[in-house]
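Input: a single structure, listed below in structure tokens.
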Amino acid sequence: MAAISLSIVGKNNKPLFIQEFDENLAIDSISEELLFGLPPLQESMASSGFRCSTRHQFIMHAALDRFDQLAGPPPGYGWRKPAETGGDGMFVGFLSPWEDTRIYGYVTTTRIKIMLVVEDDAIPEIQSSIDNDIKTLLSKIHELYVEDMLNPFKEVGSPVVSQRFQDKVQQFVYAFNQSEGML
């Protein structure tokens, strides 16, 4: 099981960080401009700083609907057990399948959503172990996000543009992918 892409989404569903972890990031064979009326990938990457294909942006956007169902206003948070706190209380878990991937979610106490797309090659017998590894990865990314927000010169709710943040996320995801989900 390998992490494919990650997104951090603000309170108002505004993307704060989107990253695809495919080293051979290729533009879809259909022009994104023709498909969605969006500028080509290189232009959108230059303007937003996000390095992610339109396909994965679409997957993350679709997963937000399920995220809002699970973690939205009442009767939201039904997935959380009453006594859970910390990382256990913030890990939403499996959101939805999408083609050959699975999307997992994590919500902070300040309503920041972190979503991870992973390959769907899980073996049912070890699924709980994989869920724990994904929870650990998302918890580490949450800690990085908090460190980034502690910058006194950063505007609250602004996109994450820190090179240190991007490098650390790359390191965590690389370690997760090399261990095949066993952190």
Side-chain angles (χ1 to χ4, degrees), residues 1-11 13-22 50-52 56-57 59-150 160 162 164-183:
M1 178 167 287
I4 299 172
S5 59
L6 172 84
S7 70
I8 300 176
V9 181
K11 294 180 203 179
N13 291 341
K14 176 184 171 190
L16 303 177
F17 180 81
I18 302 174
Q19 180 76 42
E20 190 167 348
F21 302 106
D22 182 8
F50 300 144
R51 184 182 175 273
C52 192
H56 284 270
Q57 290 181 37
I59 290 171
M60 299 286 192
H61 183 76
L64 272 175
D65 291 337
R66 179 68 177 144
F67 212 121
D68 287 340
Q69 287 176 344
L70 293 173
Y77 287 97
W79 49 270
R80 182 185 291 176
K81 294 177 184 162
E84 286 186 334
T85 60
D88 292 334
M90 292 187 249
F91 183 65
V92 178
F94 177 68
L95 294 174
S96 65
W98 187 274
E99 295 175 357
D100 57 343
T101 63
R102 296 168 66 97
I103 300 104
Y104 288 85
Y106 185 98
V107 63
T108 70
T109 55
T110 57
R111 313 276 301 149
I112 302 297
K113 302 169 196 91
I114 304 173
M115 293 183 292
L116 181 71
V117 177
V118 296
E119 292 176 342
D120 187 11
D121 57 0
I123 301 167
E125 291 80 31
I126 62 168
Q127 187 60 46
S128 65
S129 172
I130 291 170
D131 286 352
N132 285 333
D133 294 335
I134 291 171
K135 181 181 4 176
T136 301
L137 175 63
L138 293 176
S139 178
K140 288 179 179 180
I141 291 168
H142 176 214
E143 289 175 20
L144 281 176
Y145 178 75
V146 169
E147 287 176 19
D148 185 66
M149 290 306 299
L150 289 175
V160 178
S162 165
R164 179 185 177 280
F165 180 87
Q166 291 177 9
D167 292 344
K168 286 293 216 178
V169 167
Q170 280 290 125
Q171 287 175 357
F172 289 149
V173 170
Y174 180 77
F176 176 82
N177 289 347
Q178 292 304 312
S179 65
E180 296 186 15
M182 305 297 175
L183 283 176

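Note that the structure is predicted; figures quoted are calculated from it, not measured.
The shortest distance between side-chain heavy atoms of K113 and N13 falls below 4.5 Å. Contact annotation: the side chain of F67 never approaches that of V9 to less than 4.5 Å [non-hydrogen atoms, C-beta and beyond]. Residues I59 and E99 are not in side-chain contact: their nearest non-hydrogen atoms beyond the backbone lie 4.5 Å or more apart.
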From CA spacing to verdict: ring-ring contact (aromatic ring centres under 6.0 Å, His included), F165, F17
CA-CA 10 Å; F165 180 87; F17 180 81; 5.0 Å; yes
side-chain contact (heavy atoms from CB on, under 4.5 Å) assessment of Y145 paired with T108
CA-CA 10 Å; Y145 178 75; T108 70; 5.6 Å; no
Could you go through I134 and L138, starting from their C-alpha distance and side-chain angles, then the distance that decides it, and tell me whether this counts as side-chain contact (heavy atoms from CB on, under 4.5 Å)?
CA-CA 6 Å; I134 291 171; L138 293 176; 3.9 Å; yes
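Between E147 and K168 no salt bridge is recorded (no basic side-chain N to carboxylate O distance below 4.0 Å).
T136 contributes a side-chain N or O that, together with a main-chain N or O of N132, makes up a donor-acceptor pair within less than 3.5 Å. Between the N177 side chain and the A3 main chain, a donor and an acceptor come within less than 3.5 Å of each other.
The distance from atom OG1 of T110 to atom CE of M149, rounded to the nearest 0.5 Å, is 8.0 Å. The CD atom of E143 lies 7.5 Å from the CZ atom of F172; values are rounded to the nearest 0.5 Å. Note: I114 CD1 to I8 CD1 = 5.0 Å, rounded to the nearest 0.5 Å.
The aromatic rings of F94 and Y104 sit perpendicular, their planes meeting at an angle over 60°, well past the 30° parallel limit.
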